[in-house]
Amino acid sequence: MKKIILLTGILAISLAVHAQQQEPKMIEDAIICGISPNGQYAVSQGASGLRIFNLATGEEYVQYSELGYAEYYAGDGNCVSDNGIVVASTPKSSDAQYWKDGEWHSLPLPPNALTSNHAQAINADGSRICGTIRLANMGGKEEVLMVEPYIWIAEGDGYGMPVKLPHPDRDYSNSIPQYITAIDISADGKTIVGQIRDAWGIVNYPIVYKENENGQWTYEIPHEELINPDHLEAVPFPGDGPAMPQFESFMTAEEIEAYNEAFSEYVNSGTQITCPEYWDFMTQKEIDEYNEAVEVYNEKAIAYNEKFKAWLEYISAIALSSPNYAFNQLRISADGKTLGTTVMVEGELDPMTGDPSIENTVWLFDLTSDKITKYSKDEDLNIFYVADNGVGIGTTSAGTASNSYILKDGEVIDIASWIDSKVPEYWTFIKDNMMFPYLQLVDGQIVSDEVLMTGRAMATPDLSLISLSVENVWDNTDDGLCYIFDMKTPDSVETIRPASEEKTIFDLSGRRLRNAANPGIYIIDGEKKVVR
């Protein structure tokens with residue numbers, strides 16, 4: 001990635017307007033995963049750890065990484081508020097965390113909370129945080145809901161005890177789910193989206209929590225009819241199968257001791273003598289009782305296997321017929337009207353394996369109606385952000401030469417083309433800085449070409465600010481580059497100032513500008529000025 005190697009430092013490049021080429025701000029070694037709704041703050045999560053930027057001043061507030069592992073992990077939803085509060089979790093303490101005024105704080109947890117608790121999203125003014133709390137571990141004797149959804153509400157200088165969001169006690173199969181999550185939250189904090197993971201870890205589907213005018217929370221399952229489209233009758237899980245009889249249960253302590261001594265002698269001999277059998281140490285009465293128990297067990301096992309087979313067929317039919325929602329890949333728009341999620345669907349048959357390929361698609365749910373709009377692109381499109389007015393941003397998979405797309409009115413629009421259509425002045429910069437060498441084998445010859453790589457996109461709800469994080473897939477020692485595009489088009493006419501009143505303005509890179517039209521730090525008539 002030659003263009004990344006040559007660029008160092010964090011540059012707050014102010015926008016030149018009118019006759020000059022318009023350029024975005026650039027942040028090195030960053031992958032932006034969240035921008036505050038007002039566009040002032042941005043959060044990066046990558047190999048360099050979690051970093052927080054004030055885009056208005058160019059300041060970087062925090063960077064955490066330890067031996068290549070991040071200390072803090074930003075929430076999967078809207079992770080930063082307009083006043084710069086960032087929500088995250090940390091594997092060190094397993095606490096749900098938030099960063100405010102330069103310090104990390106743990107959110108309060110119920111006394112029975114275990115590990116792996118997460119603060120996932122925060123609303124615009126920072127008054128509400130949603131996330132998940134783990135209250136049980138897998139592996140117990142009884143089915144339990146391991147992870148539940150919660151909301152924290154601002155109280156004093158911090159946040160009060162978490163309030164559990166209402167949710168179903170059972171999944172589609174009438175079993176206790178594994179997880180029920182809360183992943184993203186609307187700007188007003190009154191709509192939250194999460195996901196239900198069934199008891200078997202096979203089927204995932206979205207859940208929406210809403211607060212009414214009386215402050216009461218309810219939930220709904222969007223398009224619940226899609227989970228069981230064939231209206232199959234639920235088949236209950238048959239539980240554990242019958243226990244197989246054990247010889248020791250029919251033997252005396254002396255008989256068991258004699259068998260164990262004989263078996264030890266067999267092992268010590270290097271298996272040169274005959275291996276002892278349990279029945280060699282049992283009375284005929286004990287052997288008859290054991291054989292009777294085996295007959296009863298076999299009858300129960302046959303009956304159990306029939307029940308298990310019926311349950312497995314039911315679960316398999318649901319898994320094949322319902323949407324294959326990707327685990328915890330979902331976002332909600334700031335206006336609370338659109339839910340976006342990644343759905344994996346079957347594609348064409350793979351000629352190598354004979355099995356159908358799996359295509360990642362994006363579905364946008366209109367939460368004010370029954371409308372679902374489905375988007376696909378090159379067999380790989382994942383939800384990354386949902387803006388207001390039903391517009392989504394989809395991105396090809398991380399770890400590849402990824403690209404982003406605007407999803408609007410049923411169309412998949414290359415994000416570079418969309419930026420060009422809104423602010424044509426950016427196109428020269430995109431062409432000069434976001435084309436990368438690409439080698440491919442054609443007719444036995446290695447052909448070098450250049451491809452556009454727009455990376456992973458993040459935005460504000462009105463799409464007035466868009467970041468493109470181009471991951472360095474050629475070198476894992478750094479994350480790559482992030483470009484932040486201000487999509488607010490400047491006025492086409494500017495008042496001409498008399499020469500005697502004209503100010504001398506430079507940005508921090510030393511380039512002279514006609515004006516300080518955007519937030520940032522400038523040198524104006526020899527003095528450093530902050531434009532907010």
Side-chain angles (χ1 to χ4, degrees), residues 34 36-38 75-83 85-87 96 98 100 107-110 113 117-133 135 145 147-171 177 179-197 205-224 325 328 330-341 364-371 383 385-390 460-462:
S36 60
N38 64 358
D76 291 333
N78 178 58
C79 62
V80 57
S81 66
D82 286 344
N83 48 359
I85 302 174
V86 176
V87 293
Y98 68 97
K100 181 180 179 182
L107 287 163
L109 297 171
N117 305 296
H118 299 278
Q120 295 285 26
I122 187 168
N123 70 327
D125 66 7
S127 62
R128 296 183 171 199
I129 295 171
C130 71
T132 54
I133 296 177
L135 298 173
L145 177 58
V147 171
E148 293 190 88
Y150 280 82
I151 183 171
W152 289 266
I153 299 177
E155 187 177 286
D157 293 333
Y159 294 85
M161 287 297 294
V163 176
K164 185 186 299 185
L165 294 167
H167 56 74
D169 296 326
R170 301 277 169 166
D171 62 19
Y179 305 150
I180 301 182
T181 63
I183 299 298
D184 203 5
I185 190 169
S186 61
D188 62 7
K190 295 185 177 183
T191 304
I192 295 172
V193 295
Q195 196 176 66
I196 298 174
R197 187 178 183 90
Y205 49 98
I207 180 171
V208 178
Y209 317 90
K210 290 186 177 181
E211 184 185 36
N212 63 23
E213 61 276 6
N214 298 320
Q216 297 173 323
W217 286 90
T218 59
Y219 72 85
E220 61 178 300
I221 311 298
H223 290 273
E224 189 170 8
Y325 296 103
N328 274 357
L330 68 169
R331 295 295 299 263
I332 191 172
S333 58
D335 61 16
K337 296 179 180 179
T338 307
L339 161 66
T341 182
L364 295 183
F365 292 75
D366 184 342
L367 298 181
T368 66
S369 70
D370 290 331
K371 183 180 179 182
I383 192 63
Y385 185 74
V386 181
D388 288 341
N389 301 318
T460 53
D462 60 357

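Please read these numbers as outputs of a predicted model, since none were measured by experiment. Just so it is clear, the values below take in all heavy atoms, side chains as well, and ignore hydrogens, waters and symmetry mates. One-based numbering along the sequence shown.
In this structure, OH in Tyr209 is found 11.0 Å from CD1 in Ile151, a value given to the nearest 0.5 Å.
Residues forming a side chain to side chain contact (heavy atoms under 4.5 Å, CB included) with Asp157 (at least two apart in sequence, or on another chain): none. Under the ring pair (Phe, Tyr, Trp, His ring centres under 6.0 Å) criterion, Tyr385 pairs with no residue, sequence neighbours left out. Applying the side chain to side chain contact (heavy atoms under 4.5 Å, CB included) test to Thr460 and every residue at least two apart in sequence or in another chain returns Ile35, Asp462, Ser464, Leu465. With sequence neighbours left out, Asp388 forms a side chain to side chain contact (heavy atoms under 4.5 Å, CB included) with Ser333, Ala334, Asp335, Pro461. For Thr191, there are no side chain to side chain donor-acceptor pair (under 3.5 Å) partners, not counting sequence neighbours. Judged as a side chain to side chain donor-acceptor pair (under 3.5 Å), and not counting sequence neighbours, the contacts of Thr368 are Asp366. Lys371 meets the salt bridge (charged side-chain N to carboxylate O under 4.0 Å, His left out) test with no other residue; sequence neighbours excluded. Checked against side chain to side chain contact (heavy atoms under 4.5 Å, CB included), Ala119 has the following partners two or more places apart in sequence or in another chain: Val87, Ala96, Leu107, Ile129. Residues satisfying the salt bridge (charged side-chain N to carboxylate O under 4.0 Å, His left out) criterion with Lys100, sequence neighbours excluded, are absent altogether.
Contacts classified as side chain to side chain donor-acceptor pair (under 3.5 Å) and involving residues 118-127 (residues at least two apart or in different chains) are given here: Ser89-His118, Asn123-Asp125, Asn123-Ser127, Asp125-Ser127. Within the structure, salt bridge (Lys or Arg N to Asp or Glu O under 4.0 Å) contacts touching residues 208-219 (residues at least two apart or in different chains) are Arg128-Glu211, Lys210-Glu220. Listed by first and then second residue, the salt bridge (Lys or Arg N to Asp or Glu O under 4.0 Å) pairs that reach into residues 159-170 are Glu148-Lys164, sequence neighbours excluded.
Between the side chain of Asp184 and the backbone N or O of Asn78, at least one donor-acceptor pair lies under 3.5 Å.
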